[in-house]
Amino acid sequence: MSIVDQCPCGSHQEYAECCEPFHLGIPAPTAEALMRSRYSAFARGLAPYLLRTWHPSTRPDRLDLDAGMTWRALQIVDTVNGGPGDDTGVVEFRAIARSADGERRVQHERSTFTRIDGRWLYVDAGTGPLVRDR
């Protein structure tokens, strides 16, 4: 019996069929797909991918990932636009991790994305529209 390499993004798909194609250069079709692939890149330590999918106006010069951080789960809370026909989108998410000392961490963002020349890029965190009343 072979072990399935499940994608870290929580899609319940194999990594090779989910986020890996984006990591290898295929453009993500939606802002949410880019968000999921960026989470998977954090989980797999793929700093070059994270930098490549970051908008140049907000991208840091370098990115040092915390090797002691274990990313455990991704929860998509809300999306606004960001579809194949849009040029901007917002994805609200919670990323759950454990630090090297076992402390639970939750990163909660409402991230903005833009599409330039057919490629979605992460712009920044926390500037998207307010959460809708439910």
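Values reported hereafter were calculated over all heavy atoms of this structure, with side chains retained and with hydrogens, waters and symmetry mates removed. Bear in mind the structure is a predicted one, so any value in this text is a computation, not a measurement.
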Do you know which two heavy atoms are closest between [X] and [Y], and how far apart they sit?
X: Arg98; Y: Gly102; answer: NH1-O, 3.1 Å
X: Gly89; Y: Trp120; answer: N-CZ3, 3.9 Å
X: Cys9; Y: Cys18; answer: SG-SG, 3.6 Å
X: Leu50; Y: Leu65; answer: CD1-CD2, 4.0 Å
X: Asp86; Y: Arg115; answer: O-NH2, 2.8 Å
X: Gly25; Y: Arg119; answer: O-NH2, 3.1 Å

Inset, instruction - Measure up the Tyr122 and Trp54 rings against each other and bin them: parallel (under 30°), tilted (30 to 60°), perpendicular (over 60°). - result: perpendicular

Legend entry - Centroid separation Tyr15 to His23 less than 6.0 Å: yes

Inset, instruction - Begin from the C-alpha positions of Phe113 and Val123 and carry the test side chain to side chain contact (heavy atoms under 4.5 Å, CB included) through to its verdict. - result: CA-CA 5 Å; Phe113 296 84; Val123 178; 5.5 Å; no

Legend entry - Apart from Ile116 itself, residues in the same hydrophobic cluster as defined by side-chain heavy atoms under 4.5 Å: Leu121

How about [X] and [Y]: do any of their side-chain heavy atoms sit closer than 4.5 Å?
X: Val91; Y: Val77; value: no
X: Gln107; Y: Trp71; value: yes
X: Met35; Y: Phe93; value: yes

Inset, instruction - If a pair satisfies side-chain hydrogen bond (donor to acceptor under 3.5 Å, both in side chains) and one of its residues is in residues 28-38, list it, with sequence neighbours excluded. - result: Glu32-Arg36, Ser37-Tyr49, Arg38-Thr53

Legend entry - Any pair counted as salt bridge (Lys or Arg N to Asp or Glu O under 4.0 Å), so long as it reaches residues 40-49, sequence neighbours left out: Asp5-Arg44

Legend entry - Pair listing, salt bridge (Lys or Arg N to Asp or Glu O under 4.0 Å) test, anchored in residues 45-60, at least two apart: none

Legend entry - Donor-acceptor pair between Asp124 and Thr112 side chains, under 3.5 angstrom: yes

Legend entry - Steps toward side chain to side chain contact (heavy atoms under 4.5 Å, CB included) verdict (His108, Glu92): CA-CA 7 Å; His108 187 173; Glu92 182 179 359; 2.6 Å; yes

Legend entry - Residue list, ring pair (Phe, Tyr, Trp, His ring centres under 6.0 Å) with Phe22, at least two apart or on another chain: none

Legend entry - Partner set under salt bridge (charged side-chain N to carboxylate O under 4.0 Å, His left out) for Arg105, not counting sequence neighbours: Glu103

